[in-house]
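What follows is a single structure, written as structure tokens, with notes after it.
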Amino acid sequence: MPSVDSCRPNPEELLRKVQADERRESRGRLKVFLGYASRVGKSFRMFDEGRRRKERGQDVVVAALQTGATPEIQEILKNLEVIPAIPTKHAGRDYFPMDMSALFRRHPQVCLIDGLAYDNPPGSRNPHRWQDVSELLDRGIAVITAVNLQYICEQQDAVERITGKRAANSIPAAFLQEADEIEVVDAPPDTLVDRTGSNVKIDSRRLAELRELALLLAADVVDCQLQEYLDAHGVAARWGAQERILVCLTSRSNAADMLRSGQRNKLRFHGALLAAYVEQPDLPARDRELLDQHLALAREMGAEVHGLKGGDFVDAILAFAREQRITQLFLGHTGRPGRAWLARSPIDRLIDAAEDFDVRLFPHGSSL
Amino acid sequence: MSVKGKLKVYLGYAAGVGKTYRMLDEAQELKQKGVDIVIGYFEPHGRKETIAKTEGLEVVPRRVLTYNGSPFEEMDTNAVIRRKPAVALVDEFAHTNVPGAERVKRWQDVHAILAAGIDVLTTMNVQHLESLNDQVFHATGIRVRETVPDWVVDEADELVFVDLTPRALRNRLERGVVYSQEKARRAMENFFTESNLTALREMALRHTAHEVEEKLDAEDAAAAVSAESLGEPANGAQAARRTERILICLTGRPSSAVLIRRGKRVADYIHADCLAVHVGDPTHDGEAVERHMSFARNLRIDTHVIVVEGGDVSGAIANFARTHGVTQIFMGRSSPLPWWKRYRETVVQQLVRQARDMQITIVAERRR
């Protein structure tokens, strides 16, 4: 079971990080334009950036084009050098893989690559175009590329649920996470819907759902970038834009209510749900059993469960909440009915110390 | 009677991301299609590319108002309405008019234009959203004074997120595209730091995703209502809506503003009703309480005042919550009592003890 300790970077992790940083320095920069559907204008934005960079004196070439370029894109292409693809026929299908050797020889500063999720014909240097891109980056060539949400592997189930379709080719989300920059190309669905079609209403609804998915994906990527930046610059974790909910469980908690509310908040805010308990070696068997049931329920409801070491309940919870950038902490009301003279209850102490997160107290026993 | 115009908002995360440019781009497109479009207000900021985009667009001259002996230019809302185009462009939605103008806020001017049956395109940055005020302060250290209530933006027919990566934005600043060199240098050291920009960008992405989801939910709700009126059983998910009621206990203390924003934000996200109550002696702290009450009403929160003589504040809150079907009470932290008064309880402690059958959320002040 993960404990607090596992959240701190260990020496190997730090070494990996340093090595990754070193690699990144010599590597070309990757910029990805992300759209939620075709026709939002990703390709145009990408080529337009290429145009502007060329005007500012950078050495820019086009390495991959898609068919059906709009007149606006064709206008830009007039002023850009294109390294033509190698037309290849395989099993009756036409393929247009990038000419990698020509690109290596030409070695521009910046490569524009449309259609990142392209699969190369069998027998190519790499099966997938994103792997070609990786090689270009390794050789210090910067790449600007464009991709649609439906091609991101980890999003394909969700996309299929919305559209009923699944693209055959895909790129791993990790490739996107490693990009130096991701820019979202947003447009209201209404501008994309085929007004002449018969399913205008359904189409615009689907597009809206895809749009939400793309925005949230980008927000998650940006959140990771922010944390990396703050870590790298030694800035203490801050209250982020993402809601992070921590449910504190004891054997006496009304775990079902707390977790249900936590799950609801997680869904509504597109946040994270964590559950934690403080390890107590001398817990009576009956309580141990209850706690285990609560933890099983937490896992079932998609919470990330953490066992906290440390004698004092309040101190352990506070440290964990800060480290995890918690924004909402769920806790059961104290079971003790009276109030000891001058003694402050654990809840009082938690509330007094909770400067960065809300504390939500839940009644014991089911409220249903 | 004319039909209300449609509102489209270009949302960015900082000055210089290209909101106005995108808006003008659309204006040019509309004009080419023969739409009668005028500029109601445009803020050039001396940006060449943006100014070039206004070419050929009709501009309604601004109005000059004198305040403290100096002339100020504002949008001439009445002239825009008299001109009655199909579409009006109004830059900087969150702007506060100079005292003496007919309306306090530009978004109120926009409402007047919409009411006259004119569509409006407008721009704003995410940090001006009321509900994000504390989060923006926490992430950037800047307390934004010009805010727009969330419902005003929720009511927009379309919201478009205008993205640019923080790196590209900082490049623009360096090149002097956004501000003059000297101003740009200062901006980059203060507000336009990479971490600030990244945090704001994440907020803008999440907010746009939230707005997209809210629109989809509203469609579902409308569909459920029409299904019900046709005698079909209501969708279970819809029946479950609005069962949560959040009660915000506000006081005259300055932290009540944070409490109100937080309570309303949570209520909006989980689709809960939102009430606010002040329990106490209105002659005490009357002015500050009234200010917070009016702030809450501006955010469309249903407000109540309960006068208690004798001082059982927590009892009155618990009673109000029970009689109004409240499921969650939101309170600020009571200031800790000096140690020699610790034998007494704070209002929070009293309520926590008295209302162990209720969910109580104690909201953090989130100072930096």
Side-chain angles (χ1 to χ4, degrees), chain A residues 31 49 56 180-188 190 205 208-209 211-216 218-219 222-223 225-226 229-230 233 235 238-243 257 261 264-265 268-270 328 333-334 337 339 341-342 344-345 347-348 351-352 354-364 367, chain B residues 8 132 135 138-139 157-168 175 194-195 198-210 212-213 215-216 219 262 266 269-271 327-328 330 333 336 342-343 345-346 348-349 352-353 355-368:
Chain A
K31 180 165 183 175
E49 169 143 0
R56 292 205 299 269
D180 300 278
E181 295 175 80
I182 289 190
E183 189 165 317
V184 175
V185 184
D186 189 35
D190 286 358
R205 191 182 168 86
E209 288 175 11
R211 186 182 177 203
E212 190 192 354
L213 219 53
L215 289 162
L216 289 170
V222 169
D223 193 61
Q225 288 174 343
L226 180 60
Y229 179 89
L230 295 179
H233 291 74
V235 183
R238 275 188 195 162
W239 184 34
Q242 192 195 29
E243 291 288 341
D257 274 7
S261 290
R264 186 173 156 81
N265 277 15
R268 296 301 314 175
F269 285 100
H270 298 284
Q328 308 178 25
H333 276 287
T334 175
R339 184 172 172 272
W341 180 251
L342 283 181
R344 286 154 77 232
S345 75
I347 288 178
D348 291 345
I351 291 169
D352 282 351
E355 287 184 336
D356 300 330
F357 51 84
D358 304 338
V359 177
R360 181 164 165 192
L361 299 172
F362 282 74
H364 285 273
S367 62
Chain B
K8 181 168 183 173
L132 291 175
Q135 222 167 326
H138 193 85
D157 298 273
E158 279 181 11
L159 185 67
V160 185
F161 174 58
V162 181
D163 196 17
L164 184 75
T165 64
R167 183 184 149 93
R175 294 201 309 274
E194 199 162 328
S195 64
T198 308
L200 290 167
R201 184 174 177 226
E202 186 181 345
M203 286 179 216
L205 282 163
R206 289 196 190 280
H207 189 80
T208 312
H210 174 67
V212 171
E213 186 168 317
K215 285 243 151 50
L216 287 168
E219 271 175 35
R262 182 66 177 165
V266 172
Y269 267 77
I270 67 170
H271 293 152
T327 54
Q328 225 191 119
F330 269 64
R333 287 198 297 177
R342 289 262 171 91
Y343 62 91
E345 286 179 312
T346 62
V348 169
Q349 285 169 335
V352 167
R353 187 167 46 79
R356 267 189 279 138
D357 57 329
M358 304 210 72
Q359 291 184 21
I360 303 170
T361 298
I362 296 100
V363 172
E365 277 144 64
R366 298 184 163 100
R367 278 189 281 254
R368 264 171 74 85

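All chains are named by letter (A, B, ...) in the order of the sequence lines, taking the proteins before the strands, and each is independently numbered beginning at 1. All of these numbers come straight from a predicted model, not from anything done at the bench. Any value given below was found using the heavy atoms of this structure, including those in side chains, with hydrogens, waters and symmetry copies removed.
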Let me confirm one number: the CG-NE2 distance from L200(B) to H207(B), rounded to the nearest 0.5 Å.
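Going from the CG atom of L200(B) to the NE2 atom of H207(B) covers 13.5 Å.
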
Quick one: which of T198(B), V212(B), I362(B) has the most heavy-atom pairs under 4.5 Å with chain A, could you say?
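Option with the greatest count: I362(B).
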
As an exercise: rank R206(B), E158(B), M203(B) by heavy-atom pairs under 4.5 Å with chain A and give me the winner.
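Most heavy-atom pairs within the cutoff with chain A belong to R206(B).
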
Where is the tightest heavy-atom contact between R211(A) and T208(B), given as atom of each residue plus distance?
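It is NH2-CG2, 4.1 Å.
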
Can you tell me which portion of Y229(A) sits under 4.5 Å from chain B's heavy atoms? Options are side chain, backbone, both or neither.
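Side chain only.
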
Checking A354(A) against chain B: side chain, backbone, both or neither under 4.5 Å from a heavy atom?
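Just the backbone, heavy atoms under 4.5 Å.
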
Please check this pair: side chain of [X] against backbone of [Y], looking for a donor-acceptor N/O pair closer than 3.5 Å.
| X | Y | result |
| --- | --- | --- |
| H270(A) | H210(B) | no |
| Q135(B) | L132(B) | no |
| R268(A) | Y269(B) | yes |

Checking [X] against chain A: side chain, backbone, both or neither under 4.5 Å from a heavy atom?
| X | value |
| --- | --- |
| E365(B) | backbone |
| A204(B) | neither |
| V162(B) | neither |

Under a 4.5 Å heavy-atom cutoff, which of K31(A), R205(A), Q328(A) has the most pairs with chain B?
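Ranked by heavy-atom pairs under 4.5 Å with chain B, first place is R205(A).
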
Pick from L215(A), L361(A), D186(A), D358(A) with the largest number of heavy-atom pairs that fall under 4.5 Å of chain B:
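The option with the most such pairs is D358(A).
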
side-chain contact (heavy atoms from CB on, under 4.5 Å) involving K215(B) - partner list, sequence neighbours excluded:
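K215(B) satisfies side-chain contact (heavy atoms from CB on, under 4.5 Å) with no other residue.
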
Considering residues at least two apart in sequence or located in another chain, which fulfil the side-chain contact (heavy atoms from CB on, under 4.5 Å) criterion with E355(A)?
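If we apply the side-chain contact (heavy atoms from CB on, under 4.5 Å) test to E355(A), skipping adjacent residues, the hits are R333(B).
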
